[in-house]
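Values reported hereafter were calculated over all heavy atoms of this structure, with side chains retained and with hydrogens, waters and symmetry mates removed.
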Amino acid sequence: NRIYLMEDVNGFKPNYLVCIAEKTQLLQFQKDYNDLDLKCFFHWDCKGKFSKKDNQYFIKDCFNPQFQTNLSKRIGSGKSVTYACIQIAFYMGFDEVYLIGKDHSYKTNARTGTFFVSDGNEENHFIKGYYKPSMVWDAPDYETEEFAYTLSKIAFEENDRKIFDATINGKLQIFEKVNFYELFKKRIRL
């Protein structure tokens, strides 16, 4: 959703950004998203909220977690932007997908469907202050996410493609784990 916040910290700028969460992302950080100069995939229902620059693409989703291989149809909702990214990567023809930073753990026991109001100090996202005070975010739905990731794993494997998880100390147990540092050994000075 907001990996662009880490560009100064880790020197990484993605080629694409995907954000489909309307209330907790697109509407709260609308100006940030609208000002990005990289290719962005946003939720169709927010189309009227953006400038519709050439780098903005709008996709539709559906309530169920079906894995969609055709972006002209509604993509499945897996309760995570990562699932949307995987479907887009499939459509774009990627044979290998590597998850990086999908820790799959939150410091909360709140039940699925619960919304939180941030005090500006929550520590459930990759950068402190991700949400400003009074902004909302929702509790994770691990069960739906894991079901959706299983569907994506099946779709990739049925098409001789593969999804790997290179997250350091990640808790997601659906995809084959690979060592992050081995992937980027030539580019990272240890």
Legend entry - Full working for side-chain contact (heavy atoms from CB on, under 4.5 Å) between F180 and I100: CA-CA 8 Å; F180 173 86; I100 298 172; 3.8 Å; yes
Inset, instruction - Check whether any side-chain heavy atom of N179 lies under 4.5 Å from a side-chain heavy atom of L183, and answer yes or no. - result: no
Inset, instruction - Tell me whether L27 is reachable from I59 by hopping between hydrophobic residues (I, L, V, M, F, W, Y) whose side-chain heavy atoms are closer than 4.5 Å. - result: no
Inset, instruction - Check for a donor-acceptor pair, side chain of E182 on one end and backbone N or O of V178 on the other, with a separation under 3.5 Å. - result: no
Inset, instruction - Would you name the heavy atoms of K73 and Q68 that are closest together and state the gap between them? - result: CB-NE2, 3.5 Å
Inset, instruction - Heavy atoms only: give me the nearest L172-E146 pair and the separation to one decimal. - result: CD1-CG, 4.2 Å
Inset, instruction - Identify whether V97 and I168 are in the same connected component of the hydrophobic contact network (ILVMFWY, side-chain heavy atoms under 4.5 Å). - result: no
Inset, instruction - Tell me yes or no: between the side chains of Y33 and Q25, is some donor less than 3.5 Å from an acceptor? - result: yes
Inset, instruction - Mark yes or no for whether N159, through its side chain, and R161, through its backbone, hold a donor-acceptor pair below 3.5 Å. - result: no
Legend entry - Exercise: identify the closest heavy-atom pair between D138 and T24: N-CG2, 3.9 Å
Legend entry - Any donor-acceptor N/O pair, N124 side chain to K107 backbone, under 3.5 Å: yes
Inset, instruction - For D32, check salt bridge (charged side-chain N to carboxylate O under 4.0 Å, His left out) against everything at least two apart and list the hits. - result: R2
Inset, instruction - Give a yes or no on whether a salt bridge exists between E145 and K102, defined as a side-chain N under 4.0 angstrom from a carboxylate O. - result: yes
Inset, instruction - Examine distances only and state if a side-chain atom of Q28 and a backbone atom of V136 form a donor-acceptor pair shorter than 3.5 Å. - result: yes
Inset, instruction - Indicate, with yes or no, if I3 and L26 share a hydrophobic cluster defined by side-chain heavy-atom contacts under 4.5 Å among Ile, Leu, Val, Met, Phe, Trp and Tyr. - result: yes
Inset, instruction - Determine, stepwise, if the pair Q173 / Y149 fulfils side-chain hydrogen bond (donor to acceptor under 3.5 Å, both in side chains). - result: CA-CA 10 Å; Q173 299 299 317; Y149 295 142; over 6 Å; no
Legend entry - Parallel, tilted or perpendicular: ring planes of Y142 versus Y106, cut at 30 and 60 degrees: tilted
Legend entry - Check: H125 side chain, I127 main-chain N or O, donor-acceptor pair, under 3.5 Å: no
Inset, instruction - Look at the rings of F42 and F50 and say which category their plane angle falls in: under 30° parallel, 30 to 60° tilted, over 60° perpendicular. - result: parallel
Inset, instruction - Decide yes or no on side-chain hydrogen bond (donor to acceptor under 3.5 Å, both in side chains) for Y130 and S118, but give the supporting numbers first. - result: CA-CA 9 Å; Y130 184 98; S118 177; over 6 Å; no
Inset, instruction - Report the C-alpha distance between W44 and F58 in whole Å, list the side-chain angles of each, state the deciding distance to 0.1 Å, and finish with yes or no for ring-ring contact (aromatic ring centres under 6.0 Å, His included). - result: CA-CA 5 Å; W44 180 270; F58 297 88; 7.0 Å; no
Inset, instruction - For A84 and I75, work out which heavy atoms get closest and say how close. - result: CB-CD1, 3.7 Å
Legend entry - Backbone of P140 reached by a side-chain donor or acceptor of T112 within 3.5 Å: yes
Legend entry - NZ/NE/NH1/NH2 to OD/OE distance under 4.0 Å, D37 and K13: yes
Legend entry - Aromatic ring pairing Y16/F41, orientation class (parallel under 30°, perpendicular over 60°, tilted between): tilted
Legend entry - Check against ring-ring contact (aromatic ring centres under 6.0 Å, His included), F67 and F90: CA-CA 10 Å; F67 188 86; F90 187 97; 5.5 Å; yes
Inset, instruction - Taking K49 for its side chain and Q30 for its backbone only, find out whether a donor-acceptor pair lies under 3.5 Å. - result: no
Inset, instruction - State, yes or no, whether a side-chain contact exists between L99 and F175 at a heavy-atom distance under 4.5 Å. - result: yes
Inset, instruction - Kindly indicate whether the side chain of M6, heavy atoms from C-beta on, has any atom under 4.5 Å from the side chain of F12. - result: no
Inset, instruction - Treating Ile, Leu, Val, Met, Phe, Trp and Tyr as nodes and any side-chain heavy-atom pair under 4.5 angstrom as an edge, say whether M92 and L38 lie in one connected cluster. - result: no
Inset, instruction - Taking all non-hydrogen atoms of both residues into account, name the closest pair between K47 and K52 and its distance. - result: O-CE, 3.3 Å
Legend entry - Residue pairs, two or more places apart or on separate chains, that pass side chain to side chain donor-acceptor pair (under 3.5 Å) and touch residues 91-101: E96-Y98
Inset, instruction - Considering only NZ, NE, NH1 and NH2 on the basic side and carboxylate oxygens on the acidic side, decide whether R74 and D61 come within less than 4.0 Å. - result: no
Inset, instruction - Apply the test side-chain contact (heavy atoms from CB on, under 4.5 Å) to residues Y83 and F147: give CA-CA distance (whole Å), side-chain angles for both, the deciding distance (0.1 Å), then the verdict. - result: CA-CA 10 Å; Y83 188 56; F147 179 71; over 6 Å; no
Inset, instruction - Please name the pair of heavy atoms, one in D141 and one in K79, separated by the smallest distance, quoted to 0.1 Å. - result: OD2-CG, 3.7 Å
Legend entry - Heavy-atom donor-acceptor pair, D103 side chain to T167 backbone, under 3.5 Å: no
Inset, instruction - Report yes or no: do Y4 and F126 belong to one cluster of Ile/Leu/Val/Met/Phe/Trp/Tyr joined by side chain heavy-atom distances under 4.5 Å? - result: yes
